[in-house]
Amino acid sequence: MVKAGLIGEKLTHSLSPQLHEKYGRLAGLDIAYTLHETATDGLAALLERLEADGYAGVNVTIPYKKTVVPYLAWLSPEAQSIGAVNTIRFDSGGRTGHNTDYFGLKSLLERNGFRLAGRRVAILGTGGAARCAYFLARDEGAAEVFTVSRRPEEADSDITAISYAALERMSSIDVLINATPIGMYPHVSACPVSDVVIQKCGAVVDTIYNPAETALLKKAAALGIPHANGLWMLCAQALASEQIWTGRPFTMEECAAVYDYIRRSNIVLIGMPGSGKSTVGSLLAERLGRGFVDTDAMVEAAHGPIPRIFAQHGEAVFRQYELDAARKAAGYMRTVISTGGGIVHTEAAMQALRETGIVVYIDRPLERLLSETDTSGRPLLAGGKSAIAALYQKRHHLYQEYADIISENTADASACAQDITIKLEEYLK
Ligand code: NAP
């Protein structure tokens with residue numbers, strides 16, 4: 001067994017265990033990846049304990065990427081110039097420090113065809129990720145590279161830093177890289193730069209991956225500017241860490257498989273009205289320690305009661321509101337998303353949800369739906385039982401076609417949540 005883990009101050013939302021264990025399954029290696037929270041004064045003892053416990057190494061995250069350096073015997077050239085370590089290998093000859101974020105970002109840029117050579121590159125922030133981007137841009141032969149800081153006068157002396165006001169005045173930026181936490185979940189509407197700056201960019205990269213589309217990337221997309229989030233970087237830096245710990249070369253196809261696995265971290269529940277999506281969804285979210293949202297509730301929060309939307313504006317307008325809610329929900333991570341029964345009629349909504357989620361059809365048998373469904377407040381079921389039967393005939397095959405997993409909800413909600421949990425485990429193997 002290869003033992004590895006992550007050291008940081010607060011690690012509750014880390015995706016690293018799933019990511020590394022998936023690499024392990026792909027490689028046929030038994031990788032056990034565990035999370036270790038510590039305060040600064042516990043750092044040295046934690047490293048000693050993990051080393052003594054036979055760990056191959058650890059990843060290091062906020063706020064210890066610089067703090068760990070004095071505890072290491074050797075630094076890789078990247079870690080040396082960046083001044084930060086995100087991967088430690090416990091070697092008999094001493095602990096070695098590496099910065100695999102460098103490889104992760106390089107791989108992300110290559111995958112998206114964003115060349116830095118000969119370009120003007122602006123990097124937002126002056127922390128570990130920004131320094132990584134800065135030295136990568138220099139190594140790649142950027143014509144001009146600078147970081148952007150709220151207090152450029154306080155930035156490290158080995159990097160060029162300018163103010164956000166100076167960035168605003170610049171005529172053009174070839175590649176903009178956000179290496180600040182601005183826009184990260186849950187502060188999803190925050191954007192680190194103004195529209196004026198975004199309009200001047202040739203390409204925009206956000207190192208953030210939760211949400212999948214930050215406010216910055218949404219704006220770039222709306223302007224037709226090529227853009228990418230940080231999820232591939234996360235997967236590629238993990239690949240490089242695995243190589244350091246196991247000595248096994250991993251392929252970019254394996255990186256793509258892990259990326260796909262992590263990207264589809266939501267669970268999307270589809271099915272007839274009355275099939276139990278909301279109840280099962282809440283139970284499932286609780287059981288799996290995930291967030292829960294309901295696209296109908298999102299529509300109502302934004303536009304008022306659904307029966308009123310149908311009465312005043314018609315179904316087409318409701319479907320547009322539902323599409324907006326689906327796109328927003330698809331931007332979340334590790335969330336159970338319950339949807340309205342008719343969402344399968346909007347291909348764009350299903351496409352957005354499938355991009356980031358595994359689709360589960362909760363199939364409540366028609367006879368149960370007929371005997372149990374409360375049709376009040378459901379405009380499309382105003383015709384009562386015959387309307388339910390007609391909708392079921394129309395939609396059942398669509399639900400089946402979109403589903404990655406089908407769970408027959410023949411008993412109670414808790415049994416259905418249990419069935420989905422088992423099927424998910426099987427599906428994700
Ligand atoms: P960090 O060392 O704390 O640095 C963040 C920098 O952002 C700071 O130096 C600061 O620069 C700027 N900043 C902080 N708060 C700000 C605010 N309220 N407004 C404007 N600027 C602010 O963090 P880090 O490790 O570099 O991580 C930065 C980001 O990169 C995070 O979002 C992280 O998720 C992401 N990251 C992603 C990956 C990946 O694999 N995708 C890997 C590493 C990091 P100034 O004080 O100079 O303005």
Could you check whether any side-chain N or O of [X] sits under 3.5 Å from a backbone N or O of [Y], counting only pairs where one atom can act as donor and the other as acceptor?
X: Glu37; Y: Leu11; answer: yes
X: Asn86; Y: Thr100; answer: yes
X: Glu154; Y: Arg151; answer: no
X: Ser241; Y: Gln237; answer: yes
X: Glu300; Y: Ile306; answer: yes
X: Asn409; Y: Cys416; answer: no
X: Ser14; Y: Ser16; answer: yes
X: Ser338; Y: Asp294; answer: no
X: Glu254; Y: Thr251; answer: yes
X: Tyr134; Y: Ile159; answer: no

message: Please determine whether side chain to side chain donor-acceptor pair (under 3.5 Å) holds for the pair Thr339 and Thr295, giving the CA-CA distance in whole Å, both sets of side-chain angles, and the decisive distance to 0.1 Å.
response: CA-CA 5 Å; Thr339 61; Thr295 55; 5.2 Å; no
Do [X] and [Y] have their ring centres less than 6.0 Å from each other?
X: Phe90; Y: Tyr55; result: no
X: Trp245; Y: His98; result: no
X: Tyr402; Y: Tyr361; result: no

query: Pick from Thr180, Leu176, Ile198: which one makes a side chain to side chain contact (heavy atoms under 4.5 Å, CB included) with Pro192?
result: Thr180
field: Test side chain to side chain contact (heavy atoms under 4.5 Å, CB included) applied to Thr421 and Leu283, Leu288, Ile267, the passing residue
entry: Leu288
- request: Quick one: do Asp206 and Asn229 satisfy side chain to side chain donor-acceptor pair (under 3.5 Å)? Show the steps, please.
  value: CA-CA 5 Å; Asp206 204 326; Asn229 73 18; over 6 Å; no
message: I'd like to know whether Lys3 forms a salt bridge (Lys or Arg N to Asp or Glu O under 4.0 Å) with Asp53, so could you lay out the CA-CA distance, the side-chain angles of the two residues, the decisive distance to 0.1 Å, and finally the verdict.
response: CA-CA 9 Å; Lys3 288 207 263 184; Asp53 276 356; 5.3 Å; no
So does [X] pair up with [Y], basic N to acidic O under 4.0 Å?
X: Arg319; Y: Glu322; value: yes
X: Glu355; Y: Arg263; value: yes
X: Lys106; Y: Asp139; value: no

Once you round to the nearest 0.5 Å, how far does [atom1] of [X] lie from [atom2] of [Y]?
X: Thr96; Y: Ile88; atom1: OG1; atom2: CD1; answer: 8.5 Å
X: Phe318; Y: His313; atom1: CZ; atom2: NE2; answer: 12.5 Å
X: Leu284; Y: Leu424; atom1: CG; atom2: CG; answer: 6.5 Å
X: Arg49; Y: Leu47; atom1: CZ; atom2: CG; answer: 10.5 Å
X: Ile262; Y: Met333; atom1: CD1; atom2: CE; answer: 7.0 Å
X: Ser107; Y: Met233; atom1: OG; atom2: CE; answer: 10.5 Å

- request: Step by step, work out the side-chain contact (heavy atoms from CB on, under 4.5 Å) result for Arg115 and Leu109.
  value: CA-CA 7 Å; Arg115 286 185 59 243; Leu109 295 168; over 6 Å; no
Between [X] and [Y], which heavy-atom pair has the shortest distance, and what is it?
X: Tyr71; Y: Ala44; value: CE2-CB, 3.6 Å
X: Ile343; Y: Ala349; value: CG1-CB, 3.9 Å
X: Gly128; Y: Ile82; value: O-CG2, 4.0 Å
X: Met298; Y: Ala325; value: CE-O, 3.5 Å
X: Asn99; Y: Ala84; value: ND2-O, 3.0 Å
X: Lys200; Y: Ser171; value: CD-O, 3.4 Å

- prompt: Any side-chain heavy atom of Asp41 within less than 4.5 Å of one from Leu43?
  reply: no
Crowded around [X] [atom1]? As in, over 12 foreign heavy atoms under 6.0 Å?
X: Tyr261; atom1: OH; answer: yes
X: Glu286; atom1: CD; answer: no
X: Glu347; atom1: CD; answer: no

Side-chain H-bond candidate by donor/acceptor type, [X] with [Y], under 3.5 Å:
X: Glu9; Y: Thr38; value: no
X: Asp324; Y: Gln320; value: yes
X: Tyr332; Y: Arg290; value: no
X: Asn59; Y: Tyr33; value: yes
X: Thr34; Y: His36; value: yes

query: Within 45° of the axis and under 6.0 Å from the centre of the six-membered ring of Tyr259, does NZ or CZ of Arg264 qualify?
result: no
query: Does Phe250 have Arg248 sitting over its ring (NZ/CZ under 6.0 Å from centre, angle to axis within 45°)?
result: yes
query: What do the steps show when you test Asn112 against His227 for side chain to side chain donor-acceptor pair (under 3.5 Å), and what is the final call?
result: CA-CA 8 Å; Asn112 288 280; His227 58 281; over 6 Å; no
Intermediate values then yes/no, side-chain contact (heavy atoms from CB on, under 4.5 Å), Ile337 and Leu269: CA-CA 6 Å; Ile337 303 167; Leu269 304 182; over 6 Å; no
message: In terms of relative ring orientation, are Tyr321 and His303 parallel, tilted or perpendicular, with 30° and 60° separating the classes?
response: parallel
- request: Report the C-alpha distance between Arg25 and Tyr23 in whole Å, list the side-chain angles of each, state the deciding distance to 0.1 Å, and finish with yes or no for side-chain contact (heavy atoms from CB on, under 4.5 Å).
  value: CA-CA 6 Å; Arg25 286 196 294 278; Tyr23 272 120; over 6 Å; no
Asp158, Thr126, Thr147 screened by side-chain hydrogen bond (donor to acceptor under 3.5 Å, both in side chains) with Arg131, the one that passes: Asp158
